[in-house]
Amino acid sequence: MQTPPLRLASTLLTLALTGCGTTTERGSPPGSPKGGDVPTTARALAFVAAEHVGTPSSATEESDAAEELGSDAVGTELRYGSDGKYDGDMLVVAVGRGMDKTPSDCGVETSEYLAGCVETDQGMLMWEDVAPESDPGVVYVSVDKGDTTALLFYAGPPITGDPRELDMPVSTDDLFAIANDPRVDVTTSQEAVDAGAGLPFWHDPRR
């Protein structure tokens, strides 16, 4: 089984957010890493995500989800468990300033493309259920960080209900931890940029 095409997943994510709105700004948990004022990079986002959920099979720059967040947005795509026949579970992390932040009640305005939409104290959680033989389902996370928005989606394991109750390799707690990390923003720390520049699992398709 292959994971969903990025263009389809990012389009559905935009439709989902139009129906659900976004959340209020979240504070950083005590003892969390500090952000910074250095422009973020796709490699830096991959480094931070890997700190939370482990070293991926590969990572590369992502543009489809990032395009939904405006011209200054940045995105990265990580793949887990790739084996030649299977593309691997897909984790996308994108940040930018272009998302419409009109609030709404996702319990009332859940998009027709979603199986569920929940406002949590960590951010917005949305998901699509599995479509047998064609689509494993997708988990979406959106966190409003004031002037910016962090968008994540994760696809690979079958989504058969509320993802908070599923045993997934990357849990919803992991997704929210990445999204709420202060280094996941349009600016980040110099340490994250430097560490991202040397990632051994980074793949640049232009080379």
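Just so you know, residue 1 is the first one in the sequence shown, and it goes up from there.
The two residues A179 and A150 make their nearest non-hydrogen contact at O-CB, 3.9 Å. The two residues P157 and P169 have their closest heavy-atom pair at CG-CD, 4.1 Å. The nearest pair of heavy atoms linking C117 to W127 is N-CZ3, 4.1 Å. The nearest pair of heavy atoms linking G54 to Y80 is O-OH, 2.6 Å. In this structure, D89 and Y154 approach most closely via the heavy-atom pair OD2-OH, 3.1 Å. When all heavy atoms of D129 and T160 are compared, the closest pair comes out as OD1-C, 4.0 Å.
The closest side-chain heavy-atom distance from I178 to V53 is below 4.5 Å. Side-chain contact between M124 and V143 is absent, with no heavy-atom pair separated by less than 4.5 Å. Considering only heavy atoms from C-beta on, L125 stays 4.5 Å or farther from Y140 through its side chain. Counting heavy atoms from C-beta outward, M126 and F153 have side chains that stay 4.5 Å or more apart. Counting heavy atoms from C-beta outward, L151 and V141 have side chains that stay 4.5 Å or more apart. Proximity of T120 to R164: side-chain heavy atoms (C-beta onward) are separated by under 4.5 Å at one or more points. V170 has its side chain within reach of L175: a pair of non-hydrogen atoms, C-beta onward, lies under 4.5 Å apart. The shortest distance between side-chain heavy atoms of Q122 and T172 does not fall below 4.5 Å.
For the side-chain hydrogen bond (donor to acceptor under 3.5 Å, both in side chains) with R97, the lone residue among D185, D72, T148, D147 that qualifies is D72. Residue V48 is tested with D181, V93, T76, T40 for a side chain to side chain contact (heavy atoms under 4.5 Å, CB included); the sole match is D181. Between P56 and the choices L78, L91, L199, the side chain to side chain contact (heavy atoms under 4.5 Å, CB included) rule is met once, by L78.
Annotation: the span from Y86 atom OH to R79 atom CZ amounts to 7.5 Å, rounded to 0.5 Å. The OG atom of S57 sits 13.0 Å away from the NE2 atom of H203 when rounded to the nearest 0.5 Å. Separating the OG atom in S142 from the CD atom in E119 is a distance of 10.5 Å, to the nearest 0.5 Å. Atoms CG and CD, from L45 and E61 in turn, are 10.0 Å apart once rounded to the nearest 0.5 Å.
T187 contributes a side-chain N or O that, together with a main-chain N or O of G36, makes up a donor-acceptor pair within less than 3.5 Å. E62 places a side-chain N or O within 3.5 Å of a backbone atom of D64 that can act as its donor or acceptor partner. Here the side chain of K34 pairs no donor or acceptor atom with the backbone of T188 at under 3.5 angstrom. Here the side chain of S189 pairs no donor or acceptor atom with the backbone of G35 at under 3.5 angstrom. A donor-acceptor contact shorter than 3.5 Å links the side chain of N180 to the backbone of F176.
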Discussion item. Pair D174, M168 - check side-chain contact (heavy atoms from CB on, under 4.5 Å), show working.
Written reply: CA-CA 10 Å; D174 293 329; M168 303 187 301; over 6 Å; no
Practice prompt. Take K145 and V95 through the test side-chain contact (heavy atoms from CB on, under 4.5 Å) and record every step on the way to the result.
Written response: CA-CA 10 Å; K145 310 186 97 169; V95 292; 5.8 Å; no
Practice prompt. Mind running side-chain contact (heavy atoms from CB on, under 4.5 Å) on E191 and D194 for me, showing each step along the way?
Written response: CA-CA 5 Å; E191 290 79 8; D194 291 344; 5.8 Å; no
Item to complete: Dump the intermediate steps for side-chain contact (heavy atoms from CB on, under 4.5 Å) on V92 and L152, then the final yes or no.
Response: CA-CA 5 Å; V92 168; L152 283 73; over 6 Å; no
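Applying the side chain to side chain donor-acceptor pair (under 3.5 Å) criterion to E51, with sequence neighbours excluded, gives R183.
Counted within 6.0 Å of CG on D83, heavy atoms from surrounding residues, nucleotides or ligands total more than 12; the atom is thus considered enclosed.
T149 and D144 form no side-chain donor-acceptor contact under 3.5 Å, judged by distance and modelled atom types alone.
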